[in-house]
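Below is one structure, written out as structure tokens; the observations come after it.
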Amino acid sequence: MTKKNVLGKESGIEMAINMAVTNSSIFTTAAQKPPSVPSGYITISRKKLLQNLEINGGTRINSWVDSMRASSPTHHKTLGDDQSSWMLQHPSALDMFEQITKASKGKQIVMFLDYDGTLSPIVDDPDRAFMSDAMRATVRKLARYFPTAIVSGRCRDKVYSFVRLAELYYAGSHGMDIKGPSKGSNYLKSAQSVLCQPASEFLPMIDEVYQILVEKTKSTPGAKVENNKFCLSVHFRCVEEKSWSELAQQVRSVLKEYPKLRLTQGRKVLEIRPTIKWDKGKALEFLLESLGYANCADVFPVYIGDDRTDEDAFKVLRDRGQGFGILVSKIPKETNASYSLQEPSEVMDFLRRLVEWKRLTLRRQFRMLRRAVIDDGLVTKFDKAEPMIPVQDAEMTCA
Ligand SMILES: O=P(O)(O)OC[C@H]1O[C@H](O[C@H]2O[C@H](CO)[C@@H](O)[C@H](O)[C@H]2O)[C@H](O)[C@@H](O)[C@@H]1O
């Protein structure tokens with residue numbers, strides 16, 4: 001039933017079905033359509049797709065499991081035609097750097113960064129997904145130049161314990177737990193207290209389901225249930241592939257008793273979350289609004305992420321026609337992102353280039369301003385003031 005393409009990955013049909021399982025509201029209008037799928041992929045009508053989903057729970061489980069299998073980069077070694085075609089549609093953000101900065105000209109860039117697989121490499125143990133010191137230093141510099149938010153499926157406290165930068169915005173639990181910087185934000189001071197928890201009423205239910213799932217899955221070697229406060233993750237990464245269907249079935253059977261919870265899929269993980277209409281895309285909109293960019297044409301949001309759950313944010317940007325998404329992936333995936341990066345090390349390169357570009361741009365602007373002041377004969381006043389203004393802050397004001 002599963003049609004593999006030349007890279008041995010899931011076919012267009014399977015991708016489409018899996019995406020629909022994750023978010024059935026996707027692709028409802030022509031305007032929301034993602035870029036057309038690369039040649040060699042097969043498309044399927046929405047009606048047919050929904051029929052496929054209705055067949056039975058088993059089909060759904062199989063498609064999750066097949067998709068998890070397919071998403072392992074170790075299965076894909078060659079750069080075939082499909083990959084080249086996909087790269088044409090989603091070129092490397094590093095190769096397109098100049099075009100990207102040109103498009104942002106005169107606008108305020110706001111950065112949104114997913115954590116796992118974007119800032120930190122994917123590892124077997126979710127408790128040891130540390131980001132490197134070099135990445136931390138890069139993100140710290142980034143936040144000096146642009147408002148920066150971490151948007152993660154993890155519990156907010158947990159992702160903070162990995163990132164440890166108090167000057168950032170954090171949206172944990174797939175955006176269901178948002179908080180502004182606790183120190184040193186150069187941007188909207190009142191946003192420091194921003195707090196958004198649209199799923200608070202689900203806390204007792206999530207805790208209850210966590211206990212049940214821990215109990216239910218403990219007979220499956222390698223299975224791990226992670227409590228992300230407003231959502232849960234059931235990890236498959238260390239479970240033998242032959243046990244994946246059974247584990248997925250166990251999770252599904254628990255969820256049957258909780259119609260107010262839904263299942264979505266990540267990288268070798270099934271995620272349980274409230275059925276509320278809230279996701280990383282909504283979190284992005286909420287943060288833009290909190291920063292004062294709700295109806296602003298002069299904002300340029302950039303979202304970098306590697307996961308299906310990041311697609312909600314990519315789609316928001318595509319629909320708004322503002323900024324763009326960057327998908328971190330070594331393999332072609334159906335996506336609403338415009339550009340791609342292969343792995344966290346490329347993300348770091350991209351962020352460093354962005355910092356350097358902004359630093360040089362601001363220095364140039366600062367020099368021009370200084371020249372203008374000198375030309376206007378205000379040199380004495382200006383020269384007195386200069387040492388009082390740290391270059392960083394002086395640069396910020398003319399951004
Ligand atoms: O939104 P994110 O920040 O990308 O969080 C999504 C999930 O990330 C974590 O799981 C993933 O990374 C683990 C560590 O590298 C890996 O072992 C696992 O297989 C991946 O799915 C996190 O543990 C989950 O709770 C998040 O939902």
Side-chain angles (χ1 to χ4, degrees), residues 22-23 64-65 67-74 111-132 135 139 148-163 168-178 199 206 209-210 213-214 217 222-241 244 247-248 251 261-274 278-284 303-314 325-329 333 335 337 341 343-345 347:
T22 312
N23 184 354
W64 281 328
V65 168
S67 169
M68 260 188 241
R69 218 167 263 139
S71 68
S72 167
T74 53
M111 295 298 300
F112 296 90
L113 305 169
D114 167 53
Y115 183 73
D116 289 280
T118 298
L119 296 181
S120 70
I122 293 293
V123 292
D124 284 350
D125 182 356
D127 292 334
R128 301 192 61 78
F130 304 118
M131 71 194 270
S132 67
M135 181 68 98
V139 177
T148 301
I150 305 292
V151 187
S152 172
R154 289 189 183 255
C155 162
R156 178 164 54 79
D157 288 347
K158 183 70 174 259
V159 76
Y160 181 80
S161 75
F162 284 137
V163 179
L168 309 184
Y169 295 77
Y170 287 86
S173 307
H174 293 292
M176 289 180 282
D177 190 6
I178 303 181
I206 293 283
V209 173
Y210 172 69
L213 282 172
V214 168
T217 59
K224 183 178 171 86
V225 188
E226 191 181 2
N227 191 336
N228 288 330
K229 191 166 178 177
F230 295 103
C231 51
L232 304 169
S233 293
V234 179
H235 289 277
F236 284 62
R237 191 165 293 276
C238 297
V239 175
E240 276 195 278
E241 280 196 27
W244 284 5
L247 181 59
V251 175
L261 299 179
R262 65 183 172 125
L263 264 181
T264 58
Q265 188 196 321
R267 295 179 70 174
K268 296 195 177 170
V269 73
L270 282 181
E271 291 161 320
I272 291 108
R273 40 174 156 161
W278 197 268
D279 51 38
K280 288 181 172 186
K282 295 272 184 218
L284 179 150
Y303 188 107
I304 312 183
D306 71 316
D307 213 339
R308 275 167 196 240
T309 59
D310 298 311
E311 289 297 330
D312 295 318
F314 296 151
I326 302 177
L327 177 70
V328 185
S329 179
K333 286 181 185 168
T335 182
L341 289 168
E343 55 196 358
S345 65
V347 173

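We count ligands from 1, going down the list as the structure has it; atoms in each ligand are counted the same way. Keep in mind it's a predicted model, so treat the numbers as computed, not measured.
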List, one per line, each side-chain donor-acceptor pair under 3.5 Å for residues 233-240, sequence neighbours excluded.
{"unit_1": "S233", "atom_1": "OG", "unit_2": "N228", "atom_2": "ND2", "d": "3.1"}
{"unit_1": "H235", "atom_1": "NE2", "unit_2": "E226", "atom_2": "OE1", "d": "2.7"}
{"unit_1": "E240", "atom_1": "OE1", "unit_2": "K242", "atom_2": "NZ", "d": "3.2"}

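Annotation for A199 and P274: closest pair CB-CG, 4.0 Å, computed over non-hydrogen atoms. Scanning all heavy atoms of the two residues, the minimum distance from A223 to T217 falls at CB-O, 3.9 Å. Across all their heavy atoms, L168 and V163 have their closest contact at CD1-CG1, 3.8 Å. Of all the heavy atoms in D310 and D306, the pair that sits closest is OD2-N, 3.0 Å. In terms of heavy atoms, L327 sits closest to A337 at N-CB, 3.6 Å.
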Quiz item: Which is it for K229 and S173 under the side chain to side chain donor-acceptor pair (under 3.5 Å) test, yes or no, and what are the steps along the way?
Solution: CA-CA 7 Å; K229 191 166 178 177; S173 307; over 6 Å; no
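Under 4.0 Å from ligand 1, not a single heavy atom of C231 appears. The proximity of V269 to ligand 1, defined as any non-hydrogen pair under 4.0 Å, is limited to the side chain. Counting heavy atoms closer than 4.0 Å to ligand 1, residue S152 contributes atoms from both its backbone and its side chain.
Atoms of ligand 1 lying under 4.0 Å from any heavy atom of E226, numbered from 1 in the order shown and given with element: 22 (C), 23 (O), 24 (C), 25 (O). Near Y115, meaning under 4.0 Å from any of its heavy atoms, are these atoms of ligand 1: 3 (O). Of all atoms in ligand 1, numbered sequentially from 1 with element shown, those under 4.0 Å from a heavy atom of P121 are 15 (O). Interface of P126 with ligand 1, defined as ligand atoms under 4.0 Å from a residue heavy atom, comprises 14 (C), 23 (O). With ligand atoms numbered from 1 in the order given, ligand 1 contributes 25 (O), 27 (O) to contacts under 4.0 Å with heavy atoms of N228. Interface atoms of ligand 1 facing D124, defined by a heavy-atom separation under 4.0 Å, are 17 (O). Applying the 4.0 Å criterion to heavy atoms of G153 picks out, from ligand 1, the atoms 1 (O), 2 (P), 3 (O), 5 (O).
For atom 10 (O) of ligand 1, the closest heavy atom belonging to the protein is H235 CE1, 3.5 Å. Atom 6 (C) of ligand 1 has as its closest protein heavy atom D307 OD2, 3.8 Å. Looking only at heavy atoms of the protein, atom 14 (C) of ligand 1 is closest to V123 O, 3.4 Å.
Between atom 1 (O) of ligand 1 and the options K280, R308, R128, R273, the minimum heavy-atom separation is to K280. One option in E271, R267, H174 has a heavy atom closer to atom 26 (C) of ligand 1 than any other, and that option is E271. For the residues D116, D114, N227, the heavy atom positioned nearest atom 9 (C) of ligand 1 is part of D116.
K282 is linked by a salt bridge (charged side-chain N to carboxylate O under 4.0 Å, His left out) to nothing, counting only residues two or more places apart in sequence or in another chain.
Y115 places a side-chain N or O within 3.5 Å of a backbone atom of M131 that can act as its donor or acceptor partner. The backbone N or O of T264 sits nowhere less than 3.5 Å from a side-chain atom of R308 that would complete a donor-acceptor pair.
In terms of N/O distances under 3.5 Å, ligand 1 is not approached by T309. At least one N or O atom of R237 sits closer than 3.5 Å to an N or O atom of ligand 1. Between S233 and ligand 1, an N or O atom pair is found at a separation short of 3.5 Å.
Taking the six-membered ring where tryptophan is involved, the planes of Y303 and F314 are perpendicular, since the angle between them exceeds 60° and thus also 30°.
In summary, D307 and R267 do not engage in a salt bridge, as defined by a charged side-chain N under 4.0 Å from a carboxylate O.
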